[in-house]
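Below: one structure, written as C-alpha cells.
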Protein chains: 2
Amino acid sequence: MTERVTLSQIAKQCGANKSTVSRVLNNRCDASFSVQPQLRDKILRVARQMRYRPNLHAQTLARRQTRLIAVPRLVPSGDSEHVPGIYDAVTSHLVPYFREHGFEVCSTYYDPQHDKTLLPPWGVDGLVVMHRSPSHLIDELEEAAMPYVCVNCPTGPAGHSIQVDDTGGAELALGHLLALGHRRIAYRRFRTHLPPLHSSMIARHDSYLQFLSDHGLKPVKPHDGPWDEPELYLRKIIKAGATAVLAYDHVEAIRLLKASQKAAVRFPQDLSLVCFNDEFPCSMVMPSLTSVALPTAEMGKHAAQILIEQLNGQLTGESPLEYVLPETLVVRQSTVSCTM
Amino acid sequence: MTERVTLSQIAKQCGANKSTVSRVLNNRCDASFSVQPQLRDKILRVARQMRYRPNLHAQTLARRQTRLIAVPRLVPSGDSEHVPGIYDAVTSHLVPYFREHGFEVCSTYYDPQHDKTLLPPWGVDGLVVMHRSPSHLIDELEEAAMPYVCVNCPTGPAGHSIQVDDTGGAELALGHLLALGHRRIAYRRFRTHLPPLHSSMIARHDSYLQFLSDHGLKPVKPHDGPWDEPELYLRKIIKAGATAVLAYDHVEAIRLLKASQKAAVRFPQDLSLVCFNDEFPCSMVMPSLTSVALPTAEMGKHAAQILIEQLNGQLTGESPLEYVLPETLVVRQSTVSCTM
DNA sequence: TGTAACTTAGCAACCGGTTGCTAAAGGGTT
DNA sequence: AACCCTTTAGCAACCGGTTGCTAAGTTACA
C-alpha cells in the first residue's frame with residue numbers, strides 16, 4: 001500500500017491536534033465539541049490541498065464498522081463460457097441504493113472449490129447473497145451474527161430474503177400460451193446432469209406440472225430426467241405433439257432456437273417458445289423471445305433496503321422477512337397462436 | 001461489524017502474550033523467534049477452537065499492505081439492459097491467479113456520474129483497470145504511486161498495460177472474408193452517437209479502412225458518421241453492393257441478425273457476418289457467428305502477473321510494459337463464400 | 001562455578017484514525 | 001476581584017494486530 005497523507009500530518013501543518021482535525025473533517029460538532037470557523041476553515045483547506053483521504057482500515061478499526069457491503073460472486077469454474085444470469089442486473093441496482101445510504105459495495109469472489117467461507121477476509125458490515133450456497137456457509141453467517149440478505153436463493157433460519165414468484169411467472173407464461181390455444185406444452189429443463197443448483201430449477205418445473213394439472217393438461221415428455229441435446233429434445237417433443245415450450249432460462253431458449261434448423265422445426269410457426277429471464281439477448285434474437293422478466297431492479301432495491309434496516313438495528317426480534325416479488329411477462333415474437 | 005475473536009482473547013486463554021500468538025499464527029519463526037512445540041500447538045488449537053479470524057483491517061494497518069487488488073467495474077447508468085462485454089471473462093481468469101499468489105480480489109463499483117476516483121475508500125495494494133477512464137483518474141493513480149495495470153484500455157505515462165491486437169484481429173476477419181471471395185465488405189460501428197468510449201472503436205474502424213486500402217478495396221458506406229438503425233443500415237449497405245459485414249462487437253452483430261428479416265437480407269447467403277468479441281451468445285445464435293475472440297484468459301493472466309511483479313518491486317525503473325496479445329478467429333456459420 | 005551463547009517469550013511502540021474526558025481561555029455576573 | 005459558565009481544543013486511551021528489542025531461562029564450555 002502506498003503511503004498516504006495522515007491526520008497527524010494535517011494536524012502538524014495546521015498547528016492543531018489530530019483529534020481536532022478528525023472531528024472537523026467528520027463534522028462532529030455535538031454538544032461536546034466546537035471549533036472556531038477560522039481553524040475549521042484552515043483544516044478543511046489544508047486537508048483538501050494535501051489531498052487527504054482517510055485510511056478506511058484505520059477508521060474501521062476505530063469505529064468498529066466498515067459501511068462496506070460484500071456481494072459474493074461465484075468464480076466460474078473451468079473455462080466454461082461466461083453465461084450471464086441476473087447477478088449483474090440485480091447488483092447494478094443494489095449499488096446506487098447502498099451508496100445513497102452511505103455504504104460502499106464490493107463484489108468478492110467465491111470459489112466453491114477452494115473457499116470455506118462467504119465472508120471476505122477483510123471486515124464487512126453485511127452481505128447480499130445471490131447464489132445458492134452450501135448451508136454451512138449460511139450457518140456461519142448467522143453464527144457470526146453477520147447481517148445478510150439472500151436474493152433469489154435459500155436463506156438460513158434467521159435470514160431475511162428476497163424471492164421471486166417463479167410459480168406466478170410460470171403461470172403468466174403458461175397462461176399466455178394457453179390463451180393462444182396451446183394445449184401440448186413442453187418444458188425445457190436446465191442444461192446439467194447435476195442435482196439442482198438453484199431452487200428455481202425445481203420451482204419452475206414444479207409450477208409447470210402444477211399448472212398443466214390444474215388445467216387438465218398432460219406434460220409433454222421429456223420434461224425431466226436426463227438432459228437431451230437441444231436437437232434431440234426438439235425432435236422428441238415434436239413427435240410428442242408439442243406446440244409450445246417453456247424454457248428454464250434464456251440460454252436454454254436460445255439453444256433451442258439454434259437447434260431448430262437441424263431439427264426441422266420453425267419457431268414460432270411450429271413451436272412457440274417462452275423462457276424465464278428476460279436478459280440479453282432475449283430482445284435481440286430472431287424471433288425475439290417472449291420471456292418472463294425477473295424484477296431485478298426491485299430485487300436489488302429491496303435487498304438493499306432490508307440490509308440497511310438490519311444494519312440500523314430496525315429489524316431485530318422480528319421473524320425473518322421474506323419478500324416475494326412478482327415476475328412479469330414480456331410478449332415478443334416467439335409466441336403465436338396455436339394452429340394445430 | 002460484528003465482534004470477532006481477537007488475538008488478545010486467544011493469548012489470555014493460552015496464558016501467553018498476544019505477540020507470541022501473532023507470531024505463531026503467522027508462522028514467523030525467523031532467527032529472532034521460536035516457540036516450544038507445546039505452546040505452539042496449544043495456541044493453534046485454541047485459535048481453531050475459538051474460530052479465530054484475523055481482522056484484516058488491523059493487519060493492514062500494522063503491516064501497511066493489504067494484499068487486496070481492486071478491479072473497478074462500471075456501474076451501468078440508467079436502466080439500460082446489461083450487455084456483457086469481456087469484463088467478466090477477464091476477471092474470472094484474473095481471480096484464481098491472484099489468489100495463487102496470496103492476493104484477494106474485489107470488484108469495486110465506479111460510477112462515472114458521481115465518483116471522482118477509481119480508488120476505493122478502503123486501501124488496496126493495486127488495481128486492474130478494464131475501462132477507459134478519464135485521464136485525471138489514471139493520473140491520480142500515478143500520483144498516489146498506486147500499482148496498476150490497464151487491460152484493453154488506455155494507460156497513463158508510467159502504467160503497464162495489456163492490449164489486444166485489434167488490427168491483427170481485423171486482418172484475420174477481413175482476410176477470411178477476402179479468402180471467401182468477398183470484395184465489398186462493410187463495417188458496422190458501435191451503437192452510439194457519443195465520441196468513442198473505447199479505443200477499440202477507433203482501432204477496429206481504422207484497421208478496417210487500412211486493410212481495405214492495402215488490398216485495393218473501397219470501404220462500403222456508411223462505415224462511420226451517424227449511427228443508423230440496424231434495418232436501415234442493412235438496406236444501405238446492400239444497396240451499396242456489400243456481400244459481407246464486419247461488426248464492432250457481438251451485440252451489434254446480433255442486432256443485425258435480428259434486423260435481417262425486415263431488411264429482407266439473409267445471413268449468410270446474402271451477407272456474411274463477422275464480429276469482434278467471441279462471447280455469449282455468439283456460438284448459440286442462428287446462424288452461429290464467425291467471430292474474433294479476444295484472448296480473455298491470457299489477458300487476465302498477464303495482467304495479474306504484471307501487477308504482482310510490480311507489487312514485488314520487480315518492475316521498478318523499467319519503462320512501462322505493454323503486452324499486445326493476439327486475437328484469434330473462430331469460424332462459424334455466418335460466413336460463407338461470396339456468390340456474387 | 002562463572003560466563004558465553006542460545007532458546008523462548010514478553011514488553012511496548014506503532015499503524016492511522018476516533019472519542020471520552022479534561023484543561024485552558026474567554027466572557028459575564030455579582 | 002472572585003466566581004461560574006461556556007467555548008474551544010488537546011490529552012491519551014483505544015481499536016486489533018505486528019515487530020524490534022530486551023529479558024529470563026537453559027545449555028555448553030572453559
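Just so we're on the same page: letters track the sequence lines, and every chain starts at 1.
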Notebook entry, point to check: Any idea how H302(A) and Y323(A) line up, ring-wise: parallel (<30°), tilted (30 to 60°), or perpendicular (>60°)?
Noted result: perpendicular

T20(B) (side chain) donor-acceptor with A16(B) (main chain) under 3.5 angstrom
no

To the nearest angstrom, the CD-C1' distance between Q36(A) and dA25(C) comes to 10 Å

Item checked: Geometric cation-pi criterion R67(B) and F103(B), 6.0 Å radius, 45° cone -> yes

(message) Under a plain distance cut-off of 3.5 Å, with no hydrogens placed, do H114(B) and D111(B) share a side-chain donor-acceptor pair?
(response) yes

Letter by letter from the 5' end, nucleotides 14-24 of chain D scores (B base, S sugar-phosphate only, - none; protein heavy atoms under 4.0 Å) -BBBBBB----

For E140(B), the salt bridge (Lys or Arg N to Asp or Glu O under 4.0 Å) test, sequence neighbours excluded, returns none

